[in-house]
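Since this is a predicted model, take the numbers as computed values, not measurements. Heavy atoms only: backbone and side chains are in, while hydrogens, waters and symmetry mates are out. Whatever order the structure lists ligands and atoms in, that order sets their numbers, starting from 1.
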Amino acid sequence: MLKSNIEKALNEQINKELFSSYLYLSMGNYFESINLSGFAGWMRLQSQEEYQHAMKILNYVNQKGGRVVLQQIADPKIDWESVVSVFEDTYEHEKMISGSINDIVDLSLGEKDYATHTFLQWFVNEQVEEEATALKILEDVKMIGDYKAGLFMMDRELGQRAPETEEA
Ligand code: OFO
């Protein structure tokens with residue numbers, strides 16, 4: 001069984017991961033609207049990954065005999081000023097998600113819930129990658145600035161991203 005405060009925190013995290021999925025889907029739509037289909041495809045895959053993160057937590061809660069309570073997903077932003085501002089938001093969002101995961105890690109230790117603590121290690125590692133990827137793309141698009149040929153090349157590069165094969 002899960003303690004009720006752990007169950008609540010995991011349910012909130014499911015909501016945050018689903019919101020992440022929604023946010024990246026919205027960013028993908030923004031990129032489609034400015035004809036950057038490679039960036040859009042990258043964001044759609046990111047959105048799918050976030051959905052898998054939510055499912056991973058949902059499966060864990062069920063496995064531990066907890067109750068999954070799906071909550072309302074907030075409206076994501078739909079417009080950005082620039083490509084750079086999208087990745088600034090992405091990087092900030094991932095830092096927020098890392099903080100949220102770390103808070104549940106702290107909680108699980110405080111409650112001596114070692115199973116949840118171990119389960120969350122995958123997310124701790126994943127967040128290192130998520131932040132690093134967002135920061136790398138942010139730095140690249142900042143460097144490119146208004147140089148259209150650079151943006152075109154990066155659009156083609158990001159469009160080659162392949163879906164993750166790992167099961168949620
Ligand atoms: Fe689920 O890692 Fe991003 O938000």
Visitor: Using the test side chain to side chain donor-acceptor pair (under 3.5 Å), find all partners of E157 that sit at least two apart in sequence or belong to another chain.
Guide: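 Counting only residues at least two positions away or on another chain, E157 forms no side chain to side chain donor-acceptor pair (under 3.5 Å).
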Visitor: Give every protein N, O or S atom lying under 2.8 Å from atom 1 (Fe) of ligand 1, naming each by residue and atom.
Guide: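 Short answer, with waters excluded from the count: E17 OE1, E50 OE1, H53 ND1.
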Visitor: Spell out, as yes or no, whether a donor-acceptor pair under 3.5 Å connects the side chain of E7 to the backbone of V61.
Guide: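 The answer is no, because no donor-acceptor pair under 3.5 Å joins these two groups.
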Visitor: I'd like to check the ring-ring contact (aromatic ring centres under 6.0 Å, His included) partners of Y22; sequence neighbours left out, ordered by chain and number.
Guide: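 Counting only residues at least two positions away or on another chain, Y22 forms no ring-ring contact (aromatic ring centres under 6.0 Å, His included).
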Visitor: I'd like to check the side chain to side chain donor-acceptor pair (under 3.5 Å) partners of E88; sequence neighbours left out, ordered by chain and number.
Guide: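 Scan of E88 (side chain to side chain donor-acceptor pair (under 3.5 Å), adjacent residues dropped) gives none.
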Visitor: Side chains of M96 and H93: does their closest heavy-atom pair fall under 4.5 Å?
Guide: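 Yes, their side chains come closer than 4.5 Å.
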Visitor: Using atom types as modelled and distance alone, determine if a side-chain donor or acceptor of N15 lies under 3.5 Å from a backbone N or O of Q72.
Guide: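 Yes, N15 side chain to Q72 backbone: donor-acceptor pair under 3.5 Å.
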